[in-house]
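One structure is given here, and the rest of the page talks about it.
Just so we're on the same page: letters track the sequence lines, and every chain starts at 1.
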Amino acid sequence: MSKFKSEFFNLMVERGFYNQCTNEDGFDTYLYECEKAGKPAVGYLGSDPTGDSLHVGHIVPLMMMRWFQKCGHKPITLVGGATARIGDPSGKDKLRPFLDEETLQNNIKGLKKSFSKFLKFGEGKNDAIMVDNWDWFKDINYLAFLRDIGTCYSVNRMLTMDSVKTRLEREQPMSFLEFNYMLLQGYDFCVLYNKYGCRAQIAGSDQWGNITSGTELGRRRYDVELFGFTSPIITDSNGKKMGKSEGNAVWINEEKLPSYDYYQYFRNIGDAEVGKCLRIYTDLPMDEIRRLESLQDKEINEAKKILAFEATKICRGLEEAQTAQDTAVKTFEMGQAGGDLPSIEKASVDGLSVLDAFLQIGFVASKGEARRLIKQAGLKINDKVVSDENYVLSAADVVDGQVKLSQGKKKHGLIKVA
RNA sequence: GGAGGGGUGGCAGAGCGGUCAAAUGCAACGGACUGUAAAUCCGUCGACGAACGUCUACGAUGGUUCGAAUCCAUCCCCCUCCA
């Protein structure tokens with residue numbers, strides 16, 4: 001029934017990860033041969049260390065790598081230490097602030113942490129490894145690079161690349177640095193080929209130009225066929241990119257976002273997204289997914305719970321997922337206060353004004369905002385709407401050693417009284 | 001180096017001496033309806049104060065003026081064209 005030979009390819013297609021491949025048959029066959037021979041194919045995923053954690057928007061390629069590894073292949077994660085040191089120009093209008101050594105190292109550490117949630121790193125034959133392109137770019141000689149690599153690129157061709165073309169058409173400025181970006185990326189690919197026998201690059205579709213830059217360089221310079229494989233850009237039904245919650249990025253690393261919030265992000269996904277997200281963000285087998293996505297109306301909430309749980313499990317571990325789920329069930333289904341809600345500790349709550357309480361727990365940015373919300377009946381203490389903005393908390397508000405604060409319907413937190 | 005255009009709230013983008021805490025759109029938030037969904041409708045969206053109000057804010061620093069996001073000077077940054 002399936003069109004492809006390799007396990008990996010079939011998985012990708014089935015789960016909606018497949019967008020485009022430089023050579024469908026070629027890559028499929030190559031993977032199939034590797035799978036048959038029990039010999040891992042090597043593939044890589046690149047990211048620039050511009051932040052200290054990846055977020056949900058990055059999960060798609062991470063999950064592709066995860067499946068790649070599950071199929072017995074070896075993932076390489078490449079961090080663009082070199083490109084980040086130059087300042088990543090892809091932000092278009094403004095050049096990003098150049099990163100200093102310390103934040104860079106910190107970011108790389110954060111990325112590694114993000115990666116390791118999805119991939120198994122180690123020494124084994126298909127364990128993931130992490131490399132930094134700074135290692136080979138730091139000592140590169142400009143002239144040698146130009147002569148070696150630059151000769152393989154045609155400016156005429158480069159000008160036709162989408163990333164360049166649209167920029168020129170829109171008469172937006174493009175620096176020479178940016179123009180060179182694809183050479184650097186192409187070179188990365190070839191270095192990995194030479195060093196690790198890496199023949200595949202897996203990425204989001206926005207990387208297509210950079211990928212083909214690598215495959216073409218491989219063919220011209222090293223006479224090898226490299227493969228590129230991209231995912232579609234995953235958007236919600238409104239065509240917006242995934243990964244923002246309340247205007248904030250949904251981070252993968254726990255110090256940037258509590259697991260409960262991570263869970264809630266997926267729990268609150270739109271109906272139309274459930275099937276897609278189950279395929280992409282969980283490891284669940286396809287028949288299970290098909291069953292879940294066929295649920296209608298209210299029942300689809302069951303699917304969302306499973307989605308949230310499974311997604312959290314991958315990223316934060318079983319225990320965290322469980323706690324998050326328990327908390328959610330308690331707060332939303334039983335009207336109680338779950339233990340994993342955001343909380344602050346206080347010796348006593350006497351004399352604490354409502355405004356300060358909500359300010360301190362971080363639900364509002366200012367007292368004015370708290371007042372506004374009170375006027376709109378948006379704040380609750382122990383599930384009772386606060387109507388008086390001058391209300392002052394007292395021991396009478398403490399129930400079982402805590403006070404439950406809510407903003408809107410979804411944001412709940414606790415003041416724990418010691 | 002020469003000529004010109006610009007820097008405004010999370011973003012986009014008006015305003016070009018007072019009525020400007022600054023139009024409009026997007027995003028965000030609260031409420032209603034629901035299912036912790038979507039769509040829709042209503043409302044909110046600088047800080048502090050119950051409030052007339054006060055403070056901070058239109059690249060930076062000075063100045064002109066009773067009064068400046070708006071005018072002038074200097075500086076910084078960005079863009080376009082020419083060399």
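Nucleotides B/rA69 and B/rA39 have their P atoms positioned 39 Å apart, rounded to a whole Å. When the P atom is compared between B/rA32 and B/rC26, the two are found 23 Å apart, to the nearest whole Å. B/rC11 sits 23 Å from B/rC20 when the P atoms are compared, rounded to a whole Å. Of the P atoms belonging to B/rG43 and B/rC55, the separation is 32 Å, rounded to the nearest Å. Comparing B/rG63 with B/rA68, their P atoms are spaced 12 Å from each other, to the whole Å. Taking the P atoms as reference points, B/rC72 lies 29 Å from B/rU24, given to the whole Å. Using atom C1' as the reference point in both B/rC71 and B/rC79, the two lie 25 Å apart (nearest Å).
Base-pair partner of B/rU40: B/rA32 (Watson-Crick or G-U wobble, both distances under 3.5 Å). B/rU80: Watson-Crick or G-U partner is B/rA3, with both key distances under 3.5 Å.
Distance CG (A/Asn301) to C1' (B/rA37): 7 Å, rounded to an integer number of Å.
Taking only side-chain atoms of A/Lys367, from C-beta outward, the nucleotide of B/rG49, B/rG30, B/rG35 with the closest atom is B/rG49. When distances run from any side-chain atom of A/Glu389 to the nucleotides B/rA50, B/rC29, B/rU36, the shortest one goes to B/rA50.
Regarding contacts with the backbone of B/rC48, a side-chain N or O of A/Ser366 is found under 4.0 angstrom from either OP1 or OP2. Dashed line: the shortest gap from a side-chain N or O of A/Lys409 to OP1 or OP2 of B/rA32 is under 4.0 Å. The side chain of A/Arg372 contributes no N or O atom lying less than 4.0 Å from OP1 or OP2 of B/rG30. Side-chain nitrogen and oxygen atoms of A/Lys410 include at least one within less than 4.0 Å of the OP1 or OP2 phosphate oxygen of B/rA37. At the phosphate of B/rG30, OP1 or OP2 sits under 4.0 Å from a side-chain N or O atom of A/Gln407.
Contacts of A/Arg267 with the nucleic acid, taken as non-hydrogen atoms under 4.0 Å apart, include base atoms. A/Leu379 comes within 4.0 angstrom of nothing in the nucleic acid, heavy atoms only. Looking at heavy-atom distances under 4.0 Å, A/Asn390 makes no contact with the nucleic acid at all. No engagement by A/Glu333 is indicated, since no non-hydrogen atom pair under 4.0 Å with the nucleic acid exists. In this structure, A/Lys304 reaches the bases: a heavy-atom distance under 4.0 Å links it to at least one base atom across the strands shown.
Residues A/Tyr32 and A/Phe4 place their aromatic rings such that the two centres sit no closer than 6.0 Å.
For A/Lys138, the NZ atom sits in a packed shell: over 12 heavy atoms of surrounding residues, nucleotides or ligands are nearer than 6.0 Å. Applying the 6.0 Å contact sphere to CD of A/Glu319 captures no more than 12 heavy atoms from other residues, nucleotides or ligands.
Distance alone, capped at 3.5 Å, places no donor-acceptor pair between the A/Asn253 side chain and the A/Ser53 backbone.
The base of B/rG43 sits within donor-acceptor range of the side chain of A/Gln376, with an N or O pair under 3.5 Å. Contact of A/Glu369 with B/rU44 (side chain to base): no donor-acceptor pair of N or O atoms is detected under 3.5 Å.
Residue order along RNA chain B, read from the 5' end via each residue's closest nucleotide, puts A/Ile300 first among A/Leu359 and A/Ile300. Projected onto RNA chain B by closest heavy-atom contact, A/Lys380 and A/Ala328 fall at different nucleotides, the more 5' of which corresponds to A/Lys380.
Stacking of A/Lys112 on the aromatic ring of A/Phe121 is recorded, both the 6.0 Å distance cut-off and the 45° axial limit being met. By the 6.0 Å and 45° rule, A/Arg199 does not stack over the aromatic ring of A/Tyr193.
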